[in-house]
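Indexing begins at 1, ligand by ligand and atom by atom, following the structure's order. In this chain, numbering begins with 1 at the start of the sequence shown.
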Amino acid sequence: MARVAVCPGSFDPITYGHLDIITRAAKVFDELYIVVLNNSSKQPLFSVEERMDLINQVTKRIPNVKVDSFQGLLVDYADGVHAQAIIRGLRAVSDFEYEMQITSMNRVLDDKIETFFIMTNNQYSFLSSSIVKEVAKYGGKISELVPDEVEEALLKKFDDDKKNGNDLRC
Ligand code: PNS
């Protein structure tokens, strides 16, 4: 039986921290679905399509990765692709409480799907999509935080905002 896992998230946008987790998870599972959860409670900078496009570009060399999006409960998505596992990255102790809450909730919803955590490499333990957006917004250097394709997309997004006279989003 194929070992199938789902790696869910907002990915707004994908960072080297995400890519580290994805690359390592893809070595352990036969198929890895990267799922952009269309979570209505967050105000994203990138559309779901833009986020999927960036993930596709930066994971194109990992053959067993598939990129998808979903609106609804993660366990329903996981069930639909016959995944046995959910993969989440853990950066620091501060992530733990939130991760414990969603893992416990997911287990109540479907106890057949197991959640596995991968510790982020130390070099990315401070990294988040929000921090990258904040730095990019004010013209800081992000080339060590995100792949080139993502850096370009961020610069373009904030440049377009400036040209259109919009408040810089984050
Ligand atoms: O990258 P994020 O924002 O930390 O990811 C959070 C995410 C998308 C994994 C979480 O919000 C989620 O699973 N949303 C889907 C809705 C759901 O299944 N909720 C029940 C478990 S809390």
Side-chain angles (χ1 to χ4, degrees), residues 4-26 28-29 31-59 62 65-137 142 145-147 149-151 153-154 157 169-170:
V4 182
V6 172
C7 183
S10 305
F11 302 105
D12 186 40
I14 187 166
T15 69
Y16 275 139
H18 293 124
L19 207 48
D20 168 45
I21 300 297
I22 291 168
T23 307
R24 288 157 63 199
V28 179
F29 289 88
E31 288 171 42
L32 182 66
Y33 287 84
I34 314 300
V35 194
V36 177
L37 260 301
N38 195 357
N39 187 343
S40 56
S41 65
K42 286 191 180 176
Q43 192 59 264
L45 178 65
F46 291 98
S47 69
V48 171
E49 291 69 30
E50 289 171 326
R51 284 180 267 165
M52 286 176 64
D53 186 39
L54 288 171
I55 300 169
N56 267 314
Q57 289 182 52
V58 304
T59 60
I62 313 175
V65 157
K66 291 183 181 138
V67 182
D68 204 353
S69 67
F70 190 66
Q71 186 156 24
L73 290 176
L74 174 60
V75 290
D76 289 339
Y77 180 86
D79 194 40
V81 295
H82 307 293
Q84 304 97 351
I86 293 167
I87 303 295
R88 293 286 287 171
L90 264 188
R91 289 165 299 192
V93 178
S94 50
D95 283 343
F96 187 80
E97 206 166 327
Y98 172 62
E99 294 299 334
M100 197 175 79
Q101 194 180 17
I102 61 173
T103 300
S104 304
M105 190 65 245
N106 285 333
R107 197 176 311 112
V108 169
L109 292 167
D110 188 339
D111 65 3
K112 294 183 298 304
I113 302 170
E114 200 60 64
T115 300
F116 291 85
F117 293 97
I118 296 182
M119 288 294 299
T120 307
N121 265 316
N122 285 349
Q123 71 186 113
Y124 303 127
S125 59
F126 67 95
L127 190 52
S128 69
S129 299
S130 308
I131 277 195
V132 169
K133 284 183 280 189
E134 175 91 4
V135 175
K137 180 166 113 169
I142 54 166
L145 312 180
V146 293
E149 297 87 339
V150 178
E151 183 177 7
L154 274 164
K157 189 69 87 177
R169 293 167 288 171
C170 205

Just by modelled atom types, is the Val75 backbone N or O under 3.5 Å from a matching donor or acceptor in the Asp110 side chain? no
So, is Ser10 polar-close to ligand 1, with some N/O to N/O distance under 3.5 Å? yes
What protein heavy atom sits nearest atom 9 (C) of ligand 1, and how far off is it? Arg88 NH1, 3.4 Å
Arg91 side chain to Leu127 backbone, donor-acceptor under 3.5 Å: yes
Test side-chain contact (heavy atoms from CB on, under 4.5 Å) applied to Met105 and Val108, step by step: CA-CA 5 Å; Met105 190 65 245; Val108 169; 4.1 Å; yes
Without swapping roles, check the side chain of Gln84 against the backbone of Val4 for a donor-acceptor pair under 3.5 Å. yes
Quick one: nearest non-hydrogen protein atom to atom 17 (C) of ligand 1, plus distance? Leu73 CD2, 3.7 Å
Out of curiosity, is Gly72 lining ligand 1, as in a heavy atom under 4.0 Å away? yes
Are any of the side-chain heavy atoms of Asn106 and Ile113 separated by less than 4.5 Å? no
Starting from atom 21 (C) of ligand 1, find the nearest protein heavy-atom neighbour and note its residue, name and distance. Asn106 OD1, 3.3 Å
Any idea which atoms of ligand 1 are less than 4.0 Å away from a heavy-atom of Gly9? 1 (O), 5 (O)
Suppose I only count heavy atoms of Ile102 and a 4.0 Å limit; which atoms of ligand 1 are within that range? 22 (S)
Identity and separation of the nearest protein heavy atom to atom 11 (O) of ligand 1: Asn39 ND2, 3.5 Å
Indicate yes or no for a side-chain donor-acceptor contact from Lys133 to the backbone of Asp12 under 3.5 Å, with no hydrogens or angles considered. yes
Does ligand 1 have a heavy atom under 4.0 Å from the side chain of Gln101, from its backbone, from both, or from neither? neither
Would the distance check show the side chain of Thr120 and the main-chain N or O of Leu90 forming a donor-acceptor pair, the cut-off being under 3.5 Å? yes
For atom 12 (C) of ligand 1, what's the nearest protein heavy atom and its distance? Leu37 CG, 4.4 Å
What do you reckon, does Leu74 have a nitrogen or oxygen under 3.5 Å from a nitrogen or oxygen of ligand 1? yes
Sub-4.0 Å heavy-atom approach of Tyr98 to ligand 1: yes
Can you list the residues that meet the ring-ring contact (aromatic ring centres under 6.0 Å, His included) rule with Tyr77, with sequence neighbours excluded? Phe70
